[in-house]
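Have a look at the structure below, then the notes.
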Amino acid sequence: MNVKVLLAGAIHEAAAGIEALAGAELPAVMLEVPPQKEFGDFATNIAMQLARPARQNPRALADAIAGRLNARAALDKHEPAALPWLKEAKVAGPGFINFYLKPDWLYALLADIAAAGEAWGRSDSGRGEKVQVEFVSANPTGPLHVGHGRGAAVGSALANLMRVAGYDVSTEFYINDAGNQIDCLAASVDARYRELLGQQVEFPEDGYRGRDIIDTARRIADQAGARYLLMDPAERLAVFKELAREEKLALLREDLEAFGVTFDVWFSERTLHAAGAIGDTCRQLKESGHMYEQDGALWLKSTAYGDDKDRVVIRDNGVPTYLAADIAYHRDKFARGFDRVINIWGADHHGYISRVKAAVAALGYDPEHLEVLILQMVNLFQHGELVKMSKRTGQGVTLAELIEEVGRDAARFFFIMRSTDSQLDFDLDLAKSRTNENPVFYIQYAHARIASIFRQAEEAGLTVPAPGEAPIEALTEEAEADLIKKLGEYPDEVAAAARERAPHHIARYAHEVAALFHSFYNQCRVIGAPPDVQAARLTLAAAVRDTLRSALAILGVAAPDKM
RNA sequence: GCGCCUGUAGCUCAGGGGAUAGAGCAACGGACUUCUAAUCCGUUGGUCGCACGUUCGAAUCGUGCCAGGCGCGCCA
């Protein structure tokens, strides 16, 4: 049974029975956990919402609705209309109806949670919607930096979250392995290679000057010596392009895996060019009147769908722009049958949204089905000062360096814990600290404490009751009730966070669960309590452990048994 | 100039039409012969950037202004 659903239904029936509302359309019943405990277990604002259509003041309306519900609560529990779990409905404030439930509902709730185990929180709220989440998609021209780190952490957490909430999620990395940047990579490696072999070279103006390029060139030189100097320069560049692409891609994959991030699909931009998808897409859009030629170039008429200006897709030199490939890519995404496509981009790309949405609309797809989640910028702070450059490389701090510095769990948690709309001030000292000020360790510590309880229970030969067999009525402390209530919110929390594409809610939620657990732990002994209380608390502890594991798994943060 | 994001406690941020605006850190005072003190309990701390409007009700919605970040290529 789900008390919340039953209660919402009963409220709806009660409101529908009010004379002044006869025939009126009732809004969906909003049930929330009130901000303060004195306001009961749940509250609804329905009377305030109905005040206008009913032409009555909200408190009078609330009294009428609460009266009907209290009458049903007073019925013998065998009556069909009885609400046996309801203790009282009270009107408060400007017209809220607060519901106070009998303790039984918490016991039933804990039994549900215990029975679900680590599956607690799963729901079908996403209804199996086929969703693609594309993120990171960094150019394979160098190492990932901290900005990519936020994308990687948030993207993977969002995918995990949506899976738990019942979406059918596929994650994807778009490899920008065509066009200028990759040519530039090849030219940079080429220059470094020739340098290493003693040639006087002019380094390409827009070349990549990172150390990693020299490393790549050195590996080639170590392996092949001067052999490539004999080759035709264009041919050599082509070979270096392949070598560098493979190496950079492997490094990206390695960095991401070390960060707990994997992708279902690695999609190469090149394949779009090779398979003629770009040409096909342009032809299609020209025929449908969404593209036109002017000044020797081919343009997308994106202004027809709200963009500021039309955009070039094929330059006057015949080379497609990045947008051309992106249009073909999005056509491919939707052709693969995704109901919804989510792109996670850095704030520096937000200006690109309107043209891609326009392209999606021009292709005949609903632009609403393309969601672009913008991540604001990341600033690193150390000793209270902004860290601009990496000391080691003189460039932006790489993700690998960050992981080495603060650890994978702290890095992931810190990236995820803020709203994507907010800039992220990443405090390196805080992330590194192994003290109570660090929220990651605080949560992990709660999990480790529970694991420790179970270790000791086992040593003491205590049997942990099977779900459904624990005497959970033995739980009478307020700290226990608070914990059960909080655990009970988890499925809604997951569903809402997924719907809002807001994984930071899960970070916050996990922290709240940990806080209530630590409080409980300091107040209530588990091992050594009277047998039925001990058994019931073991059941509760297991429920907390499983919920924390689930939440941490969404975040991609480890749930250690020992710390 | 235009567009997007942000402005809430000393600091970092939640909350995004409803009740007395929350959390962590910092500051201050307490709790370890007991399952990990990486913990807990308590206290202090707010003109929700400013103004006007919409509403029974605004931190939340609208408009204007101020401040910060990011964009505004036949770059990606």
Side-chain angles (χ1 to χ4, degrees), chain A residues 30 32 34-36 38-39 43 45 48-49 51-52 57-58 92-96 98 137-139 141 176 178-182 184 206 269 295-299 308-309 311-317 319-326 346-354 372 374-377 379 381 384 414 417-427 430 433-446 448-457 459-460 500 504-505 507-508 511-512 514-515 517-529 534 537-538 541 562-563:
Chain A
M30 309 269 289
E32 53 181 26
Q36 281 166 75
E38 303 85 81
F39 297 147
N45 63 349
M48 275 128 64
Q49 290 185 298
R52 189 193 292 270
N57 92 55
F96 287 100
N98 294 329
S137 298
N139 295 321
T141 54
N176 298 131
N180 281 351
Q181 310 228 12
I182 200 89
C184 191
D206 300 324
E269 180 188 349
D295 303 331
L298 183 66
W299 298 70
D308 295 337
K309 48 178 132 171
R311 308 290 174 176
V312 170
V313 284
I314 310 283
R315 302 180 179 93
D316 56 12
N317 63 8
V319 178
T321 63
Y322 181 80
L323 179 61
D326 231 11
D348 51 343
H349 285 74
H350 81 263
Y352 202 73
I353 297 173
S354 50
V372 182
I374 291 298
L375 296 181
Q376 296 300 318
M377 298 286 137
N379 292 311
F381 284 85
F414 274 61
M417 72 179 175
R418 300 297 180 216
S419 155
T420 54
D421 285 339
S422 288
Q423 285 185 43
L424 180 65
D425 284 351
F426 194 119
D427 183 337
L430 179 60
S433 78
R434 319 207 123 226
T435 67
N436 55 359
E437 55 198 34
N438 190 329
V440 188
F441 289 108
Y442 182 86
I443 298 166
Q444 292 183 317
Y445 184 47
R449 272 182 152 175
I450 298 170
S452 170
I453 290 173
F454 281 103
R455 271 197 303 275
Q456 307 214 7
E459 279 165 28
E500 293 163 27
H504 73 281
H505 287 319
R508 179 162 285 267
H511 194 274
E512 287 167 359
F517 175 76
H518 284 310
S519 182
F520 158 80
Y521 182 94
N522 272 273
Q523 238 173 293
C524 305
R525 267 206 76 79
V526 178
I527 293 167
Q534 175 177 271
R537 286 181 179 163
L538 283 171
K562 269 187 183 165
M563 288 176 73

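Side chains are part of it too, since the values below use all heavy atoms of this structure and drop only hydrogens, waters and symmetry mates. Chain letters run A, B, ... following the sequence lines, proteins first and then strands; every chain starts at 1.
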Considering only the P atoms, how many Å lie between B/G62 and B/C4, rounded to the nearest integer? 11 Å
When the distance from CD of A/Gln523 to P of B/C35 is rounded to whole Å, what number comes out? 17 Å
The Watson-Crick or G-U wobble partner of B/G17, with both key distances under 3.5 Å, is none
Base partner of B/A51, which must satisfy Watson-Crick or wobble distances under 3.5 Å: B/U63
Between B/C32 and B/A37, how far is it from one P atom to the other, in whole Å? 12 Å
In the strands shown, is B/G71 matched to any nucleotide by a Watson-Crick or G-U wobble pair with both distances under 3.5 Å, and which? B/C2
Nearest-nucleotide comparison on RNA chain B, the residue closer to the 5′ end among A/Ser419 and A/Asn522: A/Ser419
In whole Å, what separates the C1' atom of B/G45 from that of B/G64? 33 Å
B/U34 pairs with, by Watson-Crick or G-U criteria that keep both distances under 3.5 Å: none
Nearest whole Å is fine: how far is B/G16 P from A/Arg508 CZ? 11 Å
Given the structure, check if the side chain of A/Asn98 and the base of B/A19 hold any donor-acceptor pair shorter than 3.5 Å. yes
Return yes if some donor-acceptor pair links the side-chain N/O of A/Asn438 with the main-chain N/O of A/Leu430 below 3.5 Å, else return no. yes
Take atom P in B/C48 and the same atom in B/A59, then report the distance between them in whole Å. 7 Å
Taking only the C1' atom of each, what is the distance from B/G69 to B/A19 in whole angstrom? 36 Å
Taking pairing as Watson-Crick or G-U wobble with both contacts under 3.5 Å, can you name the mate of B/C28, or confirm there isn't one? B/G42
Quick one: is the NZ or CZ of A/Arg449 closer than 6.0 Å to the six-membered ring centre of A/Phe517, and within 45° of its axis? no
Walk along nucleotides 70-76 of chain B from 5' to 3' and tag each nucleotide B, S or - by protein heavy-atom contact under 4.0 Å, base first, then sugar-phosphate. BS-SBSB
Measure the distance from CG on A/Asp427 to P on B/G10 and round it to the nearest whole Å. 19 Å
On a whole-Å scale, what distance lies between the C1' atoms belonging to B/A21 and B/U47? 13 Å
Rounding to a whole Å, what distance do you find between A/Glu512:CD and B/C40:C1'? 18 Å
Between B/G18 and B/G57, how far apart are the P atoms? Round to whole Å, please. 14 Å
Tell me which nucleotide, if any, is Watson-Crick or G-U wobble paired with B/A76 when both distances must be under 3.5 Å. none
Any stacking of A/Phe96 on B/G18, going by centres under 5.5 angstrom and planes within less than 30 degrees? no
According to the 5.5 Å centroid and 30° plane-angle thresholds, does A/Phe39 stack upon the nucleobase of B/A19? yes
Please report the distance separating the P of B/G24 from the corresponding atom of B/G68, rounded so that it comes out in whole Å. 32 Å
Which is true for A/Phe454 with a 4.0 Å heavy-atom rule: it touches a base, it touches only sugar-phosphate, or it touches nothing? nothing
Could you tell me which nucleotide pairs with B/A23 by Watson-Crick or G-U wobble geometry, both distances under 3.5 Å, or answer none if nothing does? B/U12
